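Written below as structure tokens is the structure these notes are about.
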2 protein chains.
Amino acid sequence: MADEALSAGAVARRLGIAVTTLRTWHQRYGLGPSEHVPGRHRRYTPADLIRLETMRRLTANGVAPAEAARWAVQAPDAALPGPGPRTGKRGARGGGGATIPVGRSGPAARGLARAAMRLDSNAINEVIDRAIRTDGVVTTWDTLLRPVLAGIGERHVATAALIEVEHLVSRCVSEAFAAVVRAHAPGGPPRILLSCADEEQHSLALEALGAALAEAGIAHRLLGARVPVRALLEAVDRTGPAAVVLWSQTRSTADPAQLTALLAGPHRPLLVFAAGPGWRADRLPAGVVRPVDLAEALSLAAAVRDSLDQSAAG
Amino acid sequence: MADEALSAGAVARRLGIAVTTLRTWHQRYGLGPSEHVPGRHRRYTPADLIRLETMRRLTANGVAPAEAARWAVQAPDAALPGPGPRTGKRGARGGGGATIPVGRSGPAARGLARAAMRLDSNAINEVIDRAIRTDGVVTTWDTLLRPVLAGIGERHVATAALIEVEHLVSRCVSEAFAAVVRAHAPGGPPRILLSCADEEQHSLALEALGAALAEAGIAHRLLGARVPVRALLEAVDRTGPAAVVLWSQTRSTADPAQLTALLAGPHRPLLVFAAGPGWRADRLPAGVVRPVDLAEALSLAAAVRDSLDQSAAG
DNA sequence: AATTCGACGCATGAATCGACGCAACTCGTA
DNA sequence: TACGAGTTGCGTCGATTCATGCGTCGAATT
């Protein structure tokens, strides 16, 4: 048992791809066992495995399969190309199989989609973490995560499938944001409260905002999904935040009364944000700010922090 | 040495296999008596018997014989790293005020409850992280997190308040588990799939199991809450896990048909666990294992550990 | 004398092979 | 904007290869 020669099935399971795909990779790209007699079963040595592992990692990062294969064949262990000048050319025509449509959202999005389809949480984490480290939370959210999540959402609305994929990716994103928050030491007491609207289940965008805030050194408090108005008011009452961000993803959860209640409470926050696509601008009570995207929400929140600092210093 | 040194025939009869097979197992897989001189008769010690018993049990469950043998040779019975020594003495006297009932769950629980009431996520994180680092995931879950969560739950069922507290704590717990998973490099391909039952919303216990698995060095895949049967089957089909853990918190989500569907699928898992208080033991289809608590689930899952992954990866 | 040993071979079912095709996606072009 | 060309992952099918449990045989062990 000293010689570890894995069968095709074992390797496929390990990589999270179909056995057929493994054969296809061998035929199309020459990426197969180093020694193989036609007609006989393939036996993958550890060295072959490393090559395949590289292939997987590259495709998970958005490299076109053909190119990734070429790469894996001649440089078994290869680091990823820098984020720099890699935007332009490309004659590759991506596509293929049961995937998630991400349109022209860049290679990282494609890689993320691929990893997601394989339910490969490790690869998913890897891609997300790298993106956040490289481009920051805001950019990652806008150009990577949101497109991919939207793609998955579209799909599973249409076909009622991929729900498990969406869950997994959501979890990974959530965890990545949490890691960002944990990594950046929270400076001072949190004066910004983030909360979902009543009945609202989607909190990912809020978590993105939270991570972005943490990244900018701004402490916050995040309540999470499905916060009843009463609980929200109680939380505001107990913690006395300077600003409250209320997220509503869909119209059905965007009851303006929640905002009004916030403004009418005993500990009225300085600023109330109505964030998310659910809110209708013309139905918002006076005194409520409605940021259009993550970046704007971030800068507004930062402004709150600054004004607080000044008033405290003066 | 009046010890039971069983002869080949006796062992074969006991295991219900042919004597020849016993010899074959020895030759092909090295699974034989620990001491044996070529040409002489084989004498099986009780230890050898255990190994063979494992082999038989695994193969009876559908594990490939070669794999089962490797398994049996290196891990006769799945023993697990026990948790550290119990913590507490300490007689801190808990105070009054609006708090959460945690019973006699120790000072950490009380501290956690207090931090939760303040919506102080930093403090919450701190307590949880420390507990996990000190006592491990299993103990922390059983003696700290579950009591506190249960306490909060009780309260807000009674008073319809504290919902925001529960959300916050849940989030923090979730993140802490995620951090554990991220910290422990997952070795090899995940062969264990964790999923909530259809409609089941509570996934925290599953996340605890996931973290415990990660702590023990066992890779897994966690789908999350509210996984439709169809999505679960699709995931099983695509990833071909060796074991599937299906969590049901309440009776209403514990539809045995889900388990049956799992067992009937094309990529039938070796082992199916019905975990959580929702399941009724007398309604489970044959072939389903029902662990009673986190520790048991962990040790059972450990028994399914994939033995194929010991190659160098990145 | 009853077993067991080691070697060899066989039957059988599972896994894999190679070829083919499908469906889905992207991109250039009209 | 719609459409065709190029990519790609993977399901299917009939044939082949492998893995595995076990029977048989002559010699050795107990």
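Reckoned from all heavy atoms, side chains included, excluding hydrogens, waters and symmetry mates. Throughout, protein chains are lettered first and strands after them, A, B, ... in sequence-line order, and every chain is numbered starting at 1. These numbers come from a predicted model, not from an experiment.
Taking 4.0 angstrom as the limit, B/R42 places none of its side-chain polar atoms (N or O) nearer than this to OP1 or OP2 of C/dT4. Residue A/R56 has no polar side-chain atom (N or O) positioned under 4.0 Å from OP1 or OP2 of D/dG9.
For A/E200, the salt bridge (Lys or Arg N to Asp or Glu O under 4.0 Å) criterion is met by no residue, not counting sequence neighbours. Residues forming a salt bridge (Lys or Arg N to Asp or Glu O under 4.0 Å) with A/R56 (at least two apart in sequence, or on another chain): A/E53, A/D120. The side chain to side chain contact (heavy atoms under 4.5 Å, CB included) test applied to A/S252 returns A/T250, not counting sequence neighbours.
The CZ-C1' distance, from A/R70 to D/dT7, rounds to 13 Å in whole Å. As a whole-Å value, the separation of A/L31 CG from D/dT8 C1' is 14 Å. Atom-to-atom, CG of A/L58 to C1' of D/dT8 comes out at 16 Å; the value is rounded to the nearest Å. Rounded to whole Å, the distance from CZ on B/R13 to P on C/dT3 is 8 Å. As a whole-Å value, the separation of B/L22 CG from C/dA7 C1' is 17 Å. Rounded to an integer number of Å, the gap from A/M117 CE to C/dA24 P is 12 Å. B/H26 has its NE2 atom 12 Å from the P atom of C/dA7, to the nearest Å. Protein atom CG of A/L6 is 14 Å distant from nucleotide atom C1' of C/dA15, rounded to whole Å.
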Determine all donor-acceptor pairs shorter than 3.5 Å in which one atom belongs to a side chain in residues 30-38 of chain B; sequence neighbours excluded.
| unit_1 | atom_1 | unit_2 | atom_2 | d |
| --- | --- | --- | --- | --- |
| B/S34 | OG | B/D48 | OD1 | 3.2 |
| B/S34 | OG | B/D48 | OD2 | 3.4 |
| B/H36 | NE2 | B/R40 | O | 2.9 |

Under 3.5 Å between N/O atoms: give me all the protein pairs with nucleotides 13-23 of chain D, atom names plus distance.
| unit_1 | atom_1 | unit_2 | atom_2 | d |
| --- | --- | --- | --- | --- |
| D/dA19 | OP1 | A/R43 | NH1 | 3.3 |
| D/dT20 | OP1 | B/A66 | N | 3.0 |
| D/dT20 | OP2 | B/Y29 | OH | 3.1 |
| D/dT20 | O5' | B/Y29 | OH | 3.2 |
| D/dG21 | OP2 | B/W25 | NE1 | 2.9 |
| D/dG21 | N7 | B/R28 | NH2 | 2.7 |
| D/dC22 | OP2 | B/A18 | N | 3.4 |
| D/dC22 | OP2 | B/T21 | OG1 | 2.5 |
| D/dC22 | N4 | B/T24 | OG1 | 3.3 |

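Screening residues 136-149 of chain A for salt bridge (charged side-chain N to carboxylate O under 4.0 Å, His left out) gives A/D142-A/R146 as the qualifying pairs, with residues at least two apart or on separate chains.
Contact detail for A/L49 and A/V11: the closest heavy-atom pair is CD2-CG1, 4.2 Å.
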